[in-house]
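Taking it in order: structure first as structure tokens, then the write-up.
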Amino acid sequence: MIYAFAEFELDEARGELRRAGTPLPLEPKPFAVLRHLIRHRHRVVSKQELHQRVWPDVAVADDSLSGAIRRVRRALRDTGTEQRFVHTLRGRGFRFVASVQEISAEATPESAEASAERDDFVGRVEVLARLAEALEDASSGRGRIVLLTGEPGIGKTRTAGELARGASAAGAPPLVLTGWCAAQPGAQPYWPWLRILRGLVDAVDDETLDGPLRSAATALAGLIPELGVRAPGLVPAAEGSPEGSRFRLFDAIAAFLRAAAADRTLLLLLDDLQWADQSSLRLLEFLAREMAQARVLLLATLREAEVVDGHPLCDTLEALSRIGRFSR
């Protein structure tokens, strides 16, 4: 996405800030701060959230954030007094206050090569049509689960990306959230779902998070620390038996997704399902049933050749095959 405001453009794909078409020098951290503020301009962004998103897992002093804000203002020819773009709210955080126009990078001259590549995307018309039909069903409140299978390099991930791009270009685009399964050992349990849930937390405003989503968010506060930053006062639920704790967690995630999908269709992409951990697979089975009346399309890609007898995914595929809204 390219965000245009006043005489400036922030180009996410190029990692570039431009003024009247001329690139401006802006270091990666100040760029990340500005991008996060623009993405979430509908609300106040706290200092804690910026620390967590721009300097994850690193303890930095407030001076680092203050310095990044100063460099952002310098690049935008703004001042701490005038605050045309970044407004400081004492004790609360920052908010981007300028009017912003979102421009798809695909509509710019720089994307001509990418557009030509998409023109060469042949042989998937029928698959894309079926995926678009599944997304339409989901948008009508009939949740769907679709699995894209095939050999490595056949174009599964690209096909999923084409659906996401086409859907985003529509009049009422869904919220597209992606989680990829890690091939490396030692990945955190629920890793692909954590990426999806964190993206969802970023996408909702404070009023929604503290209203319809608060009950489910309370149950998820221990899993997603960002929730505690956005909605202070959330207390993680007390743990019981492992089985009971897992069920409450799954139920809270389902409630969180249903509430978030009340006003907007969710397109959830799970890439490389053959590498998913067992916890993520159990959660997928649970959500496949719970999303029946939700505006949610679960789309997963899978290297079928890697699923041999005894693979953890075999049980999941059998469970999904018993659900009428599942297609492969």
Side-chain angles (χ1 to χ4, degrees), residues 1-111 168 175-178 195 197-210 224-232:
M1 189 68 70
I2 295 174
Y3 299 97
F5 53 97
E7 69 270 32
F8 297 96
E9 290 180 341
L10 185 139
D11 189 329
E12 289 187 306
R14 289 176 170 241
E16 192 174 74
L17 176 67
R18 297 187 290 267
R19 181 176 182 269
T22 301
L24 299 173
L26 189 64
E27 298 90 338
K29 293 301 184 184
F31 181 90
V33 167
L34 177 58
R35 178 178 59 190
H36 193 78
L37 290 174
I38 291 176
R39 283 178 173 176
H40 304 284
R41 58 192 179 275
H42 58 282
R43 61 178 175 85
V44 177
V45 178
S46 69
K47 289 183 179 181
Q48 294 93 329
E49 180 179 342
L50 284 171
H51 275 295
Q52 195 165 50
R53 303 305 292 179
V54 179
W55 292 273
D57 304 321
V58 177
V60 296
D62 282 347
D63 288 348
S64 298
L65 177 57
S66 299
I69 292 290
R70 283 196 300 271
R71 287 189 284 275
V72 166
R73 286 190 167 129
R74 189 181 306 128
L76 298 179
R77 301 187 175 186
D78 203 354
T79 67
T81 303
E82 189 175 4
Q83 298 191 358
R84 289 193 304 148
F85 300 106
V86 179
H87 185 56
T88 302
L89 293 95
R90 292 191 179 277
R92 297 182 61 196
F94 305 94
R95 186 176 180 187
F96 193 86
V97 294
S99 177
V100 177
Q101 178 186 5
E102 296 186 1
I103 305 170
S104 171
E106 297 172 2
T108 65
E110 291 83 355
S111 64
S168 296
L175 178 59
V176 181
L177 301 166
T178 302
R195 291 181 60 85
L197 291 169
R198 284 169 176 160
L200 186 55
V201 169
D202 279 348
V204 299
D205 57 37
D206 289 341
E207 184 177 351
T208 303
L209 189 58
D210 202 33
I224 309 171
E226 292 91 328
L227 286 168
V229 175
R230 288 282 308 281

Is it true that the side chains of His40 and Glu49 contain a donor and an acceptor less than 3.5 Å apart? no
Shortest non-hydrogen contact from Val86 to Arg73? O-NH2, 2.7 Å
Mind listing the closest non-hydrogen atom pair of Leu37 and Phe96 along with its distance? O-CB, 3.6 Å
d(Arg43 CZ, Arg92 CZ) to nearest 0.5 Å is 11.5 Å
Please lay out, stage by stage, how Val100 and Leu10 fare under the test side-chain contact (heavy atoms from CB on, under 4.5 Å). CA-CA 10 Å; Val100 177; Leu10 185 139; over 6 Å; no
Taking every heavy atom of Arg84 against every heavy atom of Val97, the minimum-distance pair comes out as O-CG2, 3.5 Å
With Arg41 via side chain to side chain donor-acceptor pair (under 3.5 Å) - residues at least two apart: Glu102
Which pair of non-hydrogen atoms, one from Phe31 and one from Asp11, has the smallest distance, and what is that distance? CZ-O, 3.7 Å
To the nearest 0.5 angstrom, please state how far the CZ atom of Arg95 sits from the NE2 atom of His42. 8.5 Å
Nearest 0.5 Å, what's the CG-CZ distance between Leu34 and Phe5? 5.5 Å
Could you pull out the closest heavy-atom pair between Leu26 and Ala75, with the gap in Å? CD1-CB, 4.1 Å
Just verifying a value: how many Å separate Arg18 CZ and Glu9 CD, rounded to the nearest 0.5 Å? 4.5 Å
Roughly how far, to the nearest 0.5 Å, is the CD atom of Gln52 from the NE2 atom of His36? 9.5 Å
Does CZ in Arg77 sit with more than 12 non-hydrogen atoms of other residues, nucleotides or ligands closer than 6.0 Å? no
Check side chain to side chain donor-acceptor pair (under 3.5 Å) between Arg35 and all other residues, then give those that pass, not counting sequence neighbours. none
Sequence neighbours excluded, which residues qualify as side chain to side chain donor-acceptor pair (under 3.5 Å) partners of Glu27? none
Residues Leu17, Val72; criterion side-chain contact (heavy atoms from CB on, under 4.5 Å); working and verdict: CA-CA 10 Å; Leu17 176 67; Val72 166; over 6 Å; no
Show, in sequence, the C-alpha distance, side-chain angles and deciding distance for Arg39 and Glu12, and conclude whether the salt bridge (Lys or Arg N to Asp or Glu O under 4.0 Å) test is met. CA-CA 11 Å; Arg39 283 178 173 176; Glu12 289 187 306; 2.7 Å; yes
Minimum heavy-atom separation for Leu50 to Phe94, with atom names? CD1-CD1, 3.8 Å
Using side-chain contact (heavy atoms from CB on, under 4.5 Å), reason through Val33 and Val45 one step at a time and then give a plain yes or no. CA-CA 10 Å; Val33 167; Val45 178; over 6 Å; no
